[in-house]
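First listed ligand is number 1; within each ligand, the first listed atom is number 1. Both backbone and side-chain heavy atoms feed into the values below; hydrogens, waters and symmetry mates do not. Because the structure is a prediction, the values reported are computed rather than measured.
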Amino acid sequence: MASYIPYWNYKDSVCDFLQTIFPQVIMWRSLRLISALGLCTSALAQSSTVDSYMSTESPIAKAGVLANIGPGGAKSSGAYPGVVIASPSTTNPDYLYTWVRDSSLVFKMLIDQYTSGQDTTLRALIDDFITAEANIQQVTNPSGTVSTGGLGEPKFNINETAFTGAWGRPQRDGPALRSIAMITYANWLIADTNETYVIDSLWPIIELDLDYVMNNWNETTFDLWEEVDSSSFFTSAVQHRALRQGSALATAIGQSSVTSGYNTQANNILCFLQSYWNPSPGFMTANTGGGRSGRDANTVLTSIHVFDVEAGCDGVTFQPCSDIALSNLKVYVDSFREIYGINTGIRADQAVATGRYPEDVYQGGNPWYLASFAVAEQLYDALIVWSNEGSLIVTDVSFPFFQQFDTSITPGTYSSLTPTYSTLTTAIKNFADGFVAMAAKYTPSDGGLAEQYTRSDGTPTSALDLTWSYASALTVFNARAGNTSASWGAAGLLVSPACSTSEAPTVPVVFNVNATTVLGQNIYLTGSVGALTDWSTTNAILMSSADYPIWSTAVTLPANTQIQYKYIIVDNSDITWESDPNNEFTTPTSGITTLDDVWR
Ligand code: NOJ
Ligand code: NOJ
C-alpha cells in the first residue's frame, strides 16, 4: 500500500479516462474487471458518480419524504395532516405508524430547507406538523398522560391515537428532537417579526417537551433503536442540545423563569455526556446497558445532529471534526469491515457499508442507508469547519483516523497552505464520497430508499420508502454541497470543573437471595447498569455463600436510578437464569438498601 499515494495523479487520469468510457466505473471496480490497475478508487471518478447520484436522487428523496406526510402524501393515505409515517410498509415490518423521533428528524430537515430559503413552499406543511405534534403530546398512552410521562411515548397511530401494543418505551429522545425542530422554526419566525405567534402558540408546545427533558433526562430510556433500556449517548446529546436552545429561545421571548432550570440540567447533561467516552480504542459507547461492544451508528448520528458550524472542532459537544468524533467514526466504521459480505476485499482505508451496530440482527441486521449516509455527513461537516478555520489538527486521539490517509502523519496543526492539509482533506473527501457511493451503488434504479440493503449482495430490504432514509440523503447532500444549519449555541461550552463522572451520586445496595444449590454451583448477579455488568453473564458478580442458603453481595449503584437485575446459577459453563420478568427497583438518593429476594 505504501506505493499507493504517489500514484494518485496517474490513477486519477486512468480512472478519469475509464469514467468517460464506462460511467459505471464504480461497478467495474467492484467486479474487479480492472483490478489489475489495483486502484480505481479514483477520487475523480467517484466524485462524479456521487455528483450524478446527488442530482438524480435529490428530487426523488424529497418526493419520497413528502409522499409520507399526511394528508396529501401519495403513500400516506389515512395519516392526519402533518403526521409523518415511518414507511408505507405494512408487513414485515409494519411501519405504518408515526414515530416522534423519525418525524422530528424529518421535519428538522424540512424546517432547515424552509428557513434557509431552499424551499419556500413548506410553510403550511410545517404548521400542520406543529398542530399534529401538539395533538399527539396530549394523547394519553401507555407511557402516561401529558404530565405523567406520556411525552416519552415513541410511536402513535397515524390518526393521532395511542399505540397500545407492547413496545420499548419510553424513548426519551423524542421530546428533545421535536423541540429542536420547533425551536429552529421559532427562531426564524422571531427574526421574521412573528414573535407573538411564537409566544402564544409555539412556546407552550415547546415548553412541554423541554420541561420533560429537564425533569427526566437522568432516567433510563430505550435507545433510538428501541432495544436497550439504559442511558444512551444520542439521547443524552440531543437532550443537551434541546435544553441549550430552549434556554436561548426562552430568553429571547421573555420567558426567563425557565432558563435557570434548563441551564442547570444542560450543564449536568454535558457533564454526563463525557462519561460515555471509552479511551481505548477511542470511541463513544452508545449505551450504558445492553452488553454489546458499544460501537453504534447512534454516535455518528449524534455528531451530525449536534453539529454547530460555530463550534469549531470542540470535543466537549462531540463536533464532527473533534478528535474524539473522528476516532469514534473510525472505530465504528471498522466494526463492519469483516461482517458484511459486500465489504469483502475493500481496502482498510476505503469506505464500506455500515449499519446500526455490528451485533444487529433486526430484519437481517444489514447495512442501513441512513447509517452509511451519516458517516459521510460527519466527514463533510468536518471538511466545512476545517476550511472555515484554515487548518486542521491531528491529535494523539485522532491520529489513527488520519493515519489512514497519510501513513507518515504526525500529530500537529496543519494550515490549509500545507501539502499535508491538501493530502488529508482530499483523501477525506474521497473517503466520505465512498460512503455515499456505497449507498448509491445499492440504490435501485427508481431511486427508492428502503431501510436496509442486504449484507450479502446489497439488495434493498426491510421497510421500503423509509422517510428517515430519504431525509438522511437530503441532509448528506446538503452537507456535501457545503451547506450548514443554523447554530444552536454549542460554541464555547465548557464542562464545569466541578463535574466529574466519579462524583455522580451512588448508593450502596446489598443483594441477598435465598437459593438452594448443589455442589459446584454458584450464584451470580447481573443487571441493567455498568455496576451490575450490563447483563453480562461472563463478568457477572459472584455472590458469597457464607450464609447459605442466603447468597449475598454488596454493590455501589447510581443513586435515584431504575435498576433491573437477575440472579443466575452458574454450573461450570451452564447458566440458569431466574425466570422472567426481570427484578426491578429504583435506588434511593441516599442510604443503604437491602434487597431480600428468593430465587425463582
Ligand atoms: C422494532 C424496532 O423498531 C427495532 O428497532 C428493533 O430492532 C426491533 N423492534 C427488535 O426489538
Ligand atoms: C426502527 C428503528 O430502529 C427506529 O429508530 C425507528 O424509529 C423505527 N424503525 C421507525 O423508522
Option set F234, Y95, F222, W225, criterion heavy-atom distance to atom 1 (C) of ligand 2, minimum: Y95

For R455 versus G365, what's the shortest heavy-atom pair and its separation? NH2-O, 2.8 Å

Pick one: which of W99, Y362, W368, F234 meets ring-ring contact (aromatic ring centres under 6.0 Å, His included) with W225? W368

Note: ligand 2 atoms sitting under 4.0 Å from heavy atoms of E226 are 1 (C), 4 (C), 8 (C)

Show me which atoms of ligand 2 lie under 4.0 Å from any heavy atom of A86. 10 (C), 11 (O)

Based purely on interatomic distance, does L224 place a nitrogen or oxygen under 3.5 Å from a nitrogen or oxygen of ligand 2? yes

Under a 4.0 Å threshold between the charged nitrogen and the carboxylate oxygen, would D102 count as salt-bridged to K155? no

Close N or O approach (W468, ligand 2; < 3.5 Å): no

Ignoring angles and geometry beyond distance, decide whether W368 reaches within less than 3.5 Å of ligand 2 through its nitrogen or oxygen atoms. no

When you look at OH of Y442, are more than 12 heavy atoms from neighbouring residues, nucleotides or ligands closer to it than 6.0 Å? yes

Between R356 and D296, is the closest basic N to carboxylate O distance under 4.0 Å? no

Before signing off on this row, confirm whether Y362 and ligand 2 have an N or O atom pair separated by under 3.5 Å. no

Quick one about S487 and D308 (side-chain donor to acceptor, distance below 3.5 Å, no hydrogens or angles considered), yes or no? yes

Below a 4.0 angstrom heavy-atom separation, can you tell me which part of W99, side chain or backbone, both or neither, approaches ligand 2? side chain

Six-ring centre of Y262, R244 cation under 6.0 angstrom, axis tolerance 45°: no

For D102, counting its heavy atoms only, list the atoms of ligand 2 lying under 4.0 Å from any of them. 6 (C), 7 (O), 10 (C), 11 (O)

Decide whether the shortest distance between a heavy atom of K155 and an atom of ligand 2 is less than 4.0 Å. no

